[in-house]
Amino acid sequence: QKEPSFAGLERVGGVDLSYVKGDDSRACASLVVLSYPGLEVLYEDCQMVAVSAPYVAGFLAFREVPFLVEAVQRVQQEEPRLKPQVLLVDGNGLLHHRGFGVACHLGVLTDLPCIGVAKNLLQVDGLARDELHREQIRSLQRGGDTFPLTGTSGNVLGMALRSCNSSKPLYISVGHRVCLETAVRLVQSCCRYRIPEPIRQVQKQGS
DNA sequence: GCGACAG
DNA sequence: ATCTTGTCGC
């Protein structure tokens with residue numbers, strides 16, 4: 001995507017698993033598709049699933065991705081013209097211990113462009129929630145302000161993004177077939193509140 | 001051994 | 001992720 005205005009982009013999706021309270025094994029696997037740039041809900045799907053893999057930091061994909069793939073297959077089967085052109089995924093992409101978080105898994109398995117959107121920093125490759133990091137967060141003055149998440153290896157693993165008016169940033173990383181700059185710009189353009197609207201709507205749908 | 005730990 | 005208590009801002 002080289003066009004600054006995202007010409008041709010009409011549908012942005014969000015995927016999420018929301019867990020039943022008090023039951024670690026049952027969850028609602030949800031997909032929403034929003035119009036772009038209007039951010040109106042075009043499609044919602046929620047399917048109760050039995051989750052078997054435990055949550056282990058660094059292995060989120062093995063717990064969640066099978067059900068997210070099924071949700072993408074359902075929209076393709078039932079409403080193919082509403083299939084999203086890009087997915088915002090609750091979790092990380094390249095910002096991961098092994099450089100391959102849930103947003104990468106889902107992208108490869110569905111062949112859809114995917115963007116990792118995490119609400120908390122995954123502490124990997126020297127990145128830490130330390131005083132330096134908190135100071136970098138304080139330096140983000142306005143919605144859209146960013147700083148790169150550069151690991152000890154020297155690689156830029158993602159970007160911290162101040163969305164809207166919230167002092168707590170989002171952690172954006174490449175999932176699949178989207179560069180980091182485009183990922184940050186698209187997420188920013190989907191934000192009415194701190195959480196970008198496709199993920200906010202899918203979490204509302206799940207609960 | 002202890003702390004850290006996306007969702 | 002969920003739960004719980006309290007605070008701030010619109």
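Bear in mind the structure is a predicted one, so any value in this text is a computation, not a measurement. We name chains A, B, ... by the order of the sequence lines, and we start the count at 1 in each one.
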| Step-by-step ring pair (Phe, Tyr, Trp, His ring centres under 6.0 Å) determination, A:Tyr171 to A:His133 | CA-CA 12 Å; A:Tyr171 299 94; A:His133 184 69; 5.7 Å; yes

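- Side-chain contact of A:Gln203 with A:Asp90: a donor-acceptor pair under 3.5 Å is present, judged by distance alone.
- Residue A:Val102 is classed as a base contact, given a heavy-atom separation below 4.0 Å to a base.
- Atom CZ of A:Phe100 is separated from atom C1' of B:dA6 by 15 Å (rounded to the nearest Å).
- Across all non-hydrogen atoms, the minimal contact from A:Ser207 to A:Ser18 is N-OG, 4.2 Å.
- A:Phe6 carries A:Arg185 over the face of its six-membered ring, with the cationic atom under 6.0 Å from the centre and within 45° of the normal.
- Among the heavy atoms of the strands lying under 4.0 Å from A:Gly58 is at least one base atom, whether or not backbone atoms are also near.
- Rounded to whole Å, atom P of B:dA4 lies 14 Å from atom NE2 of A:His97.
- When rounded to the nearest whole Å, the span between NZ of A:Lys168 and P of B:dA6 equals 10 Å.
- Atom pair A:Ile199:CD1 and B:dG7:C1' shows a separation of 12 Å (rounding to whole Å applied).
- When rounded to the nearest whole Å, the span between NE2 of A:His96 and C1' of B:dG7 equals 12 Å.
- The side chain of A:Lys119 contributes an N or O atom lying less than 4.0 Å from OP1 or OP2 of B:dG7.
- Among the protein residues, A:Phe62 comes within range of no part of the nucleic acid, since none of its heavy atoms lies under 4.0 Å from any strand.
- By the 5.5 angstrom centroid cut-off and the 30-degree plane limit, A:Tyr55 is classified as not stacked against the base of C:dA1.
- No side-chain donor-acceptor contact under 3.5 Å links A:Gln201 to the backbone of A:Leu34.
- Side-chain polar atoms of A:Ser189 and A:Tyr36 form a donor-acceptor pair below 3.5 angstrom.
- A:Asp125 and A:Ser153 form a side-chain donor-acceptor contact under 3.5 Å, judged by distance and modelled atom types alone.
- Residue-level contact check: A:Asn92 touches the bases, meaning some heavy atom is under 4.0 Å from a base atom.
- In this structure, the CG atom of A:Asp125 is 16 Å from the C1' atom of B:dA6, given to the nearest Å.
- Following rounding to the nearest Å, A:Leu68 (CG) and B:dG7 (P) show an atom-to-atom distance of 14 Å.
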For nucleotides 2-8 of chain C, list the nitrogen or oxygen atoms of the protein found under 3.5 Å from its nitrogen or oxygen atoms, one pair per line.
residue, atom, partner, partner atom, Å
C:dT2, OP1, A:Tyr19, O, 3.1

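- Distance A:Leu122 CG to B:dG7 P: 9 Å, rounded to the nearest Å.
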